[in-house]
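One is the number of the first residue; the rest follow in order along the sequence. Computation of the quantities below employed the complete heavy-atom set of this structure, encompassing side-chain atoms and omitting hydrogens, waters and symmetry-equivalent molecules.
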Amino acid sequence: MKKLIIVLLITFISSCGNGDGPGYQEPYNPNDDDPVLVDPLTDEEILDLTQQETFKYFWDFAGSNSGAAKERYHPNNPSDSQNVITTGGSGFGLMAILVGIERGYISQAEGLQRLNQILNFFENADRFHGAWSHWIDDASGATIPFSAQDNGGDIVETAFFVQGLICVKEYFKNGTTEEQALANQADILWKGVEWDWYTNNQNKLLWHWSPSNGFAINLELKGYNETLIAFIIGAASPDYPISADVYHQGWASNGNIVSSSSQYSIPLILDHAGIGTGPLFWAHYSYLGLNPTGLNDQYANYWDLNVNHTNINYQYCVNNPNNFADYGPDCWGLTASYTRNADGSVGYTAHDPQNDNGTISPTAAVSSIPYTPEKSLAAMHYFYENELMGPAGFYDAFNSEHDWVTERYLAIDQGPQIIMIENHRTGLLWNLFMQNEDVQNGLDALGFTY
């Protein structure tokens, strides 16, 4: 992607309380023999801008009836999937709304009203032994099948949503009468999930259950990937808990999850589902509320795990073995996102060092900021300088090899950006989630220290 030589001047309201926006820059002069690329934003300003613009995905472009997060938003075709609500992305949206309140993008009253709308929608939506489906119709709350057999409960999407519910409960539990009622509703909703049902009476968690297909998909949650949070919350459930054996025998494969492999002399620590190094969303989704700082069990130190995972992904992009255009210290990050197919069409794939076609996903580097702050900030400045900021934050993906940008958004890619930036800056969501007594009980039951 060609570097811009035109100065981008974007005016925005700083949410840090100092009121200072980007400073004035000399306009681009086409007669200048030596035009200079200028990034007018400081590190704090790029963080402010990224959070505020990304917030719009969950506020301005939410479902018209539910107020919850749409699966996707295409600015050039806003009617695309406009009724498809995503359960996991809506959990990310709950947490993003709390950031919006704290940052002053919306008032507490506005946030409370929207959160009531979302929770009322999910309270009345289809549930399957307490779990929600992957996709839900915005108008009716009915399940939209994700695939032929996936027309029931999705315990992973539900876990992502519950992570948000627990943060909402903790944020409002000591507030006004109305706020306490919202906190209680969030608490009741998540405690109605029958985590033990999704074991199918085995020492494992199964991703899906359908009233018409049962456990036919038979997809087990087995680490290491993005699903750790389902075991933590499942063990935390006071009424429908999973046993520690489900975690140790299922997720951890009786200890075989541990890896002695390294890449670029960086230890993997855990086996990444046998694929080498996984996409970076594995270091994000479970850790939006679950704080990896000081988090240990008998298998890993989860802070080291995520830092190493991020640095391996970064080092791969810097080494750039396929010689893709623009890969380097400022342009990196491979994860699941939209992608450029070989024929130039738009697809979707989980990019990682074993599945790399030259497509960079901004969410990968941005959401990794707690683990690699300097490297993530460098990438954010690069994305901004190269005009990748759209109406709801950074666009989902680009491929400089083909001068290609997809001007599209996905909830599960936008959510981790605003949340992980906030965790890096203030620890807001980490503090809320980790102070919950049920969560602490779940961590204790599985043998974690934190």
So Y171 and L94, do their side chains get closer than 4.5 Å, heavy atoms only? no
Are the ring centres of H208 and H134 closer than 6.0 Å? no
Is there side-chain contact between R408 and Y395, with heavy atoms separated by less than 4.5 Å? no
Would the H248 and Y299 ring centres measure less than 6.0 Å apart? yes
Testing the basics here: between A159 and A230, what is the closest heavy-atom pair and its distance to 0.1 Å? CB-CA, 3.7 Å
Please state whether the rings of Y224 and W251 are parallel, tilted or perpendicular, taking 30° and 60° as the class boundaries. perpendicular
Do we see a donor-acceptor contact under 3.5 Å between the side chains of N306 and Y371? yes
Would you please classify the geometry between the F161 ring and the W132 ring as parallel, tilted or perpendicular, with 30° and 60° separating the classes? perpendicular
Of all heavy-atom pairs between F394 and P362, which one has the smallest distance, and what is that distance? CB-CB, 3.9 Å
Return yes if a side-chain donor-acceptor contact under 3.5 Å exists between D326 and S400, otherwise no. yes
With side-chain hydrogen bond (donor to acceptor under 3.5 Å, both in side chains) as the test, pick out the partner of H351 among T339, D356, T335, N313. T339
Aromatic ring proximity, centroids under 6.0 angstrom, Y327 and W332: no
Nearest atoms (heavy-atom pairs only) where T426 meets R103: CG2-NH2, 3.8 Å
Report yes if the side chains of Y384 and L41 come closer than 4.5 Å at any heavy-atom pair, otherwise no. yes
Is the distance between the ring centroids of W59 and Y105 under 6.0 Å? no
For the aromatic rings, using the six-membered ring if either is Trp, is the centroid distance between H74 and Y338 under 6.0 Å? yes
Does the ring center of F61 lie less than 6.0 Å from the ring center of Y57? no
Indicate the ring-plane relationship of F160 and Y285, choosing parallel, tilted or perpendicular according to the 30° and 60° boundaries. perpendicular
So does Q354 have more than 12 non-hydrogen atoms from other groups sitting under 6.0 Å from CD? yes
Between E407 and N76, do the side chains contain a donor N or O and an acceptor N or O under 3.5 Å apart? yes
Pairing donors with acceptors under 3.5 angstrom, does anything connect the side chains of N120 and Q185? yes
For a quick check under 3.5 Å, do T359 and N399 share a side-chain donor-acceptor pair by atom type? yes
Check the pair T54, T50 against side chain to side chain donor-acceptor pair (under 3.5 Å), reporting the backbone distance first and the verdict last. CA-CA 6 Å; T54 305; T50 302; 5.9 Å; no
Give the ring-plane orientation class for H129 versus W197, where under 30° counts as parallel, over 60° as perpendicular and anything between as tilted. parallel
Do Y240 and W195 have ring centres separated by under 6.0 Å? no
State, with a plain yes or no, whether a side-chain heavy atom of I136 is found less than 4.5 Å away from one of T143. no
Any luck finding a side-chain donor-acceptor pair between N355 and T349 under 3.5 Å? yes
Given the side-chain rings of F58 and Y409, with only the six-membered ring counted for Trp, is the space between their centroids under 6.0 Å? no
